[in-house]
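Everything on this sheet refers to the single structure shown next.
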Amino acid sequence: MIHVDLSDREDGWREQLWTRQLAPDRFEVACLPFFTYGICYRDVVTIDSNHLVTGVLEKSGHRTLRVALVTDHPDRDQLHELLHGSTIEAGLPHEWLQGTYLAVDLPPGTDPTAALEKILEASAQTGALHWEIDS
């Protein structure tokens with residue numbers, strides 16, 4: 001495991017990334033980053049002596065769809081179930097964090113299905129969630 005320094009957003013904040021070591025200072029990302037921008041599944045990164053990411057050496061072509069459900073929205077639980085089912089139906093690898101953050105892997109050449117985009121756009125307009133795609 002390695003870490004990404006996110007202290008530019010909040011002092012002392014880091015995200016832990018699961019990886020596969022390729023060389024002493026080169027790692028392939030083996031998870032879906034929830035909060036780290038510019039790093040996606042299977043990207044190759046370098047680290048420093050403190051196991052903090054120092055840069056991206058190779059982009060994999062994967063992108064990350066990130067969704068943050070608004071915790072106090074009355075439709076949150078139903079929206080969680082709807083997004084979970086739609087993601088599974090689309091066959092997209094995904095991870096949930098605390099039931100309100102969703103990260104979805106978009107392999108090269110993959111776009112979210114029209115049904116999933118429709119859910120995201122409609123829910124964002126009602127203030128139930130925020131979403132983005134990072135590459």
Problem set entry | Arg20 side chain to Arg42 backbone, donor-acceptor under 3.5 Å | no
For this session: Describe, in one word, how the ring planes of Trp13 and Phe35 are oriented to each other, choosing from parallel (under 30°), tilted (30 to 60°) and perpendicular (over 60°).
Result: tilted
Exercise. Hey, are Thr54 and Thr46 close enough side-chain-wise for a donor-acceptor pair under 3.5 Å?
Worked result: yes
For this session: State, to 0.1 Å, how close Leu52 and Asp5 come at their nearest heavy-atom pair, and which atoms those are.
Result: CD2-N, 4.2 Å
Problem set entry | Pairwise side-chain contact, Asp25 with Phe27, heavy-atom cut-off 4.5 Å (strictly under) | no
Problem set entry | Cluster overlap Leu6 with Val56, hydrophobic side-chain contacts below 4.5 Å | yes
Exercise. Ser123 side chain to Leu120 main-chain N or O, any donor-acceptor pair under 3.5 Å?
Worked result: no
Problem set entry | Rounded distance [0.5 Å steps], CG in Leu92 versus CG in Leu65 | 8.5 Å
Exercise. If we only count heavy atoms from C-beta on, is the Leu32 to Val104 side-chain gap below 4.5 Å?
Worked result: no
Exercise. Checking side chain to side chain contact (heavy atoms under 4.5 Å, CB included) for the pair Cys31/Val29: CA distance, chi angles, key distance, verdict?
Worked result: CA-CA 6 Å; Cys31 65; Val29 177; 4.1 Å; yes
Seminar exercise, completed: Tightest non-hydrogen contact, residues Leu129 and Val70, listed as N-CG2, 3.9 Å
Exercise. Got more than 12 heavy atoms from elsewhere within 6.0 Å of CG, Asp11?
Worked result: no
Exercise. Is Ile133 reachable from Leu69 through a run of I, L, V, M, F, W or Y residues, each pair having side-chain heavy atoms under 4.5 Å apart?
Worked result: yes
Exercise. So Val44 and Arg26, side chain to side chain contact (heavy atoms under 4.5 Å, CB included) or not? Walk me through it.
Worked result: CA-CA 7 Å; Val44 177; Arg26 291 173 50 121; 3.9 Å; yes
Exercise. Does the Gln21 side chain pair with the main chain of Ala23, one donor and one acceptor, at a distance under 3.5 Å?
Worked result: yes
Exercise. What pairs with Tyr37 under ring pair (Phe, Tyr, Trp, His ring centres under 6.0 Å), at least two apart in sequence or on another chain?
Worked result: none
Problem set entry | N/O donor-acceptor pair under 3.5 Å between Lys59 side chain and Gly38 backbone | yes
Exercise. Does the side chain of Leu83 come within less than 4.5 Å of Ile119's, by heavy atoms?
Worked result: yes
For this session: May I ask whether Leu102 and Leu106 are part of the same hydrophobic cluster, defined by side-chain heavy atoms of I, L, V, M, F, W, Y residues being less than 4.5 angstrom apart, directly or through others?
Result: yes
Seminar exercise, completed: Closest non-hydrogen contact found for Gly12 with Ser7 is N-CB, 3.6 Å
For this session: Report the relative orientation of the aromatic rings in Trp96 and His84; use parallel for angles under 30°, tilted for 30 to 60°, perpendicular for over 60°.
Result: tilted
Exercise. Counting N and O atoms only, with roles assigned by atom type, does the side chain of His94 sit under 3.5 Å from a partner on the main chain of Asp105, one being a donor and the other an acceptor?
Worked result: no
Problem set entry | Test item: Asp134 and Arg66 side chains (from C-beta on) under 4.5 Å apart, heavy atoms | yes
Problem set entry | Ile39 vs Val4, side chain to side chain contact (heavy atoms under 4.5 Å, CB included): CA-CA, chis, key distance, verdict | CA-CA 10 Å; Ile39 297 176; Val4 178; 4.3 Å; yes
Exercise. Rounded to the nearest 0.5 Å, how far apart are CG of Asp77 and OG1 of Thr100?
Worked result: 10.5 Å
Problem set entry | Full working for side chain to side chain contact (heavy atoms under 4.5 Å, CB included) between Leu17 and His3 | CA-CA 6 Å; Leu17 301 179; His3 295 92; over 6 Å; no
For this session: Give a yes or no answer on whether the side chain of Glu15 reaches the backbone of Phe34 with a donor-acceptor pair at less than 3.5 Å.
Result: yes
Seminar exercise, completed: Heavy-atom nearest pair, Thr36 first then Arg9, reads CA-NH2, 4.2 Å
Exercise. Can you name the nearest heavy-atom pair linking Leu79 to Ala128, along with the distance?
Worked result: CD2-CB, 3.7 Å
Exercise. Does Asp48 use its side chain to pair, donor to acceptor, with the backbone of His51 at less than 3.5 Å?
Worked result: yes
For this session: Compare all side-chain heavy atoms of Val67 with those of Tyr101 and state whether any distance is below 4.5 angstrom.
Result: no
Problem set entry | Results of salt bridge (Lys or Arg N to Asp or Glu O under 4.0 Å) for Arg63 - residues two or more places apart only | Asp111
Problem set entry | salt bridge (charged side-chain N to carboxylate O under 4.0 Å, His left out) between Glu81 and Arg76, intermediate numbers included | CA-CA 9 Å; Glu81 291 303 317; Arg76 186 196 67 175; over 6 Å; no
Exercise. Do Asp43 and Ser60 have a side chain donor and acceptor closer than 3.5 Å?
Worked result: yes
For this session: Over all heavy atoms of both residues, which pair between Leu116 and Ser86 is shortest? Give the atoms and the distance, please.
Result: CD1-CB, 4.0 Å
Exercise. Going hydrophobic residue to hydrophobic residue with side-chain gaps under 4.5 angstrom, can you get from Leu22 over to Leu57?
Worked result: yes
